[in-house]
Enquirer: 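There's a structure below that I have some questions on.
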Amino acid sequence: PRTHSYTKYNSFDKVQSWIHSMASSNADLISKQTIGNSYEGRPMTLLKLGKKSSSVKPAIFMDCGIHAREWISPAFCQWFVKEALSTYGSDSQMTSLLNEMDVYVLPVLNVDGYDYTHKSNRMWRKTRSRNSGTSCIGADPNRNFDAGWCTVGASNNPCSDTYCGSRAESEIEAKNVADFIRRNKSVIKAYLTVHSYSQLLLFPYAYTFELAATHSELMKVAEGASAALRSLYGTRYTSGPAAATIYPAAGGSDDWAYDLGVKYSYTFELRDTGRYGFLLPESQIKPTCEETMLAVKYIAAYVQKNL
Ligand SMILES: NCCCCC[C@@H](C[SeH])C(=O)O
Ligand SMILES: [Zn+2]
Ligand SMILES: [Zn+2]
C-alpha cells in the first residue's frame, strides 16, 4: 500500500497523500491550501498549523525541498508537522506557539524536481521548466528570487545548475511562494528555508558581503539555535551571514524575504558535511530531524517572545 513513513524518503505521491490525511486529521489545528501549481502542473500544497482563530495571528513560514535532490529537507518538514500536532497539548512551548502563532509549512516547494529525482535523476537540483533555445532544463529556484537577481554566484547559462532563470520569479514555483509571502507579509514574522548539506545556519545576505541591518541579532539567534541543535547529539553547525559563511549567491529566497521586511530569515543546510552529502542514509532521518526540531523551536520561541 501507499505507506508513508517519517523515517523514509517519501515519493511526491506519498507526500501528497500524507498532506491530505494530515489536513483532515485535526481541523482545529491544521488546514491546507494550494498556493499554485508547478510548471508541470503539480499542486504546491501549503499546510497551516495553529489553533484555529477568528482573528489574524502572526506567522512563521517554512519551506522545504526547494532543491530537488536535498531529500532530508522535505523529510524534516514532514517531521515538523508530525511533532507539532503530536506534542500540542503536552509540550508547553509547542502549545504556546500554536496558540499564539500560525506556522505555514510547504513540505515540497520544487515538486517537479523532487518527483524527477525519485524517477529519473537523483542528483537533479533545479526546476523542470523548459528553456527556449536550448535542450537544457530548469532554473535554480534559489537564484530566482528578486534579490540582487543574477548579480553574483549565479549563472545566466540555462545548462548551469545555478541558472538564475530568464528573469526574477520566472520560475512559477518561486513566484507562487513570493506571491503568498507578499500577500501575507504583514503577519509573517519569520522565514525559514531548509536545504542540505553542510550543517550551516545561514542568514542574509548572500547577494552582498554587506552586513544586514540586524546582523548582530540574527547572529545571536543563530548561535542559540545551533547550540540547541548541538545539545542533542553533538552535531556541529556553523552560523553566519551566507556570503562569507558559504559563498556569495544572489537571488535567494531568504535575502528576498529579509528585504521584504521579514526580520528573521534563515537558511538551514542540514546534515551531513560531505560523507554522504545529498544521499544521507534513511537511518539518519530521525536523528537529523530530532536535532533540527530543537533549532527551529529555539528560533520560533525567540520570534514569539519578540512579537
Ligand atoms: N540565499 C542563499 C543562501 C546560501 C546558499 C544556500 C545554498 C543551499 Se543548497 C544554495 O542555494 O546554493
Ligand atoms: Zn539547496
Ligand atoms: Zn545546500
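Quantities reported herein were computed from a predicted structural model and do not represent experimental measurements. All ligand and atom numbering here is 1-based and tracks the order in the structure.
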Enquirer: With heavy atoms only and a cut-off of under 4.0 Å, state how Arg125 meets ligand 1: side chain, backbone, both or neither.
Expert: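 Side chain only.
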Enquirer: Of the protein's non-hydrogen atoms, which lies at the shortest distance from atom 8 (C) of ligand 1, and what is that distance?
Expert: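 Checked against all protein heavy atoms, atom 8 (C) of ligand 1 sits closest to His195 ND1, 3.2 Å.
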Enquirer: Which protein non-hydrogen atom lies closest to atom 5 (C) of ligand 1, naming both residue and atom, and how far is it?
Expert: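 Closest protein heavy atom to atom 5 (C) of ligand 1: Tyr247 CE1, 3.8 Å.
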Enquirer: So if you build clusters from Ile, Leu, Val, Met, Phe, Trp, Tyr with side-chain heavy-atom gaps below 4.5 Å, do Leu260 and Ile35 land together?
Expert: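 Yes, it is one cluster - the side chains of Leu260 and Ile35 are joined through contacts under 4.5 Å.
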Enquirer: Considering heavy atoms of the protein only, find what lies nearest to atom 6 (C) of ligand 1 and give residue, atom and distance to 0.1 Å.
Expert: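 So the nearest neighbour among protein heavy atoms is Asn142 ND2, 4.0 Å.
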Enquirer: Only heavy atoms of Ala206, strictly under 4.0 Å: list the atoms of ligand 1 that pass.
Expert: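 So the answer, numbered in order with elements, is 1 (N), 2 (C).
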Enquirer: Are Lys51 and Asp102 ion-paired here, with the side-chain N under 4.0 Å from a carboxylate O?
Expert: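 Between Asp102 and Lys51 there is no salt bridge, as every charged N stays at least 4.0 Å from the carboxylate O atoms.
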Enquirer: Taking NZ, NE, NH1 and NH2 as the nitrogens, is one of them in Lys286 or Glu290 under 4.0 Å from a carboxylate oxygen of the other?
Expert: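 Yes.
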Enquirer: Can you tell me which N/O/S atom of His195 has the shortest distance to the Zn ion (ligand 2)?
Expert: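 For His195, the N/O/S atom sitting closest to the Zn ion (ligand 2) is ND1.
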Enquirer: Given ND1 of His67 on one side and OE2 of Glu70 on the other, what angle do they make at the Zn ion (ligand 2), to 10°?
Expert: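 Reported to 10°, the angle equals 90°.
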Enquirer: Ile246 heavy atoms, cut-off 4.0 Å: which ligand 1 atoms fall inside?
Expert: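 Heavy-atom distances to Ile246 below 4.0 Å select 4 (C).
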Enquirer: Minimum heavy-atom separation for Lys126 to Ala68, with atom names?
Expert: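 Heavy atoms only, the tightest pair is O-CB, 4.4 Å.
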Enquirer: Starting from atom 3 (C) of ligand 1, which protein heavy atom do you reach first, and at what distance in Å?
Expert: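 Ranked first by proximity to atom 3 (C) of ligand 1 is Asp254 OD2, 3.7 Å.
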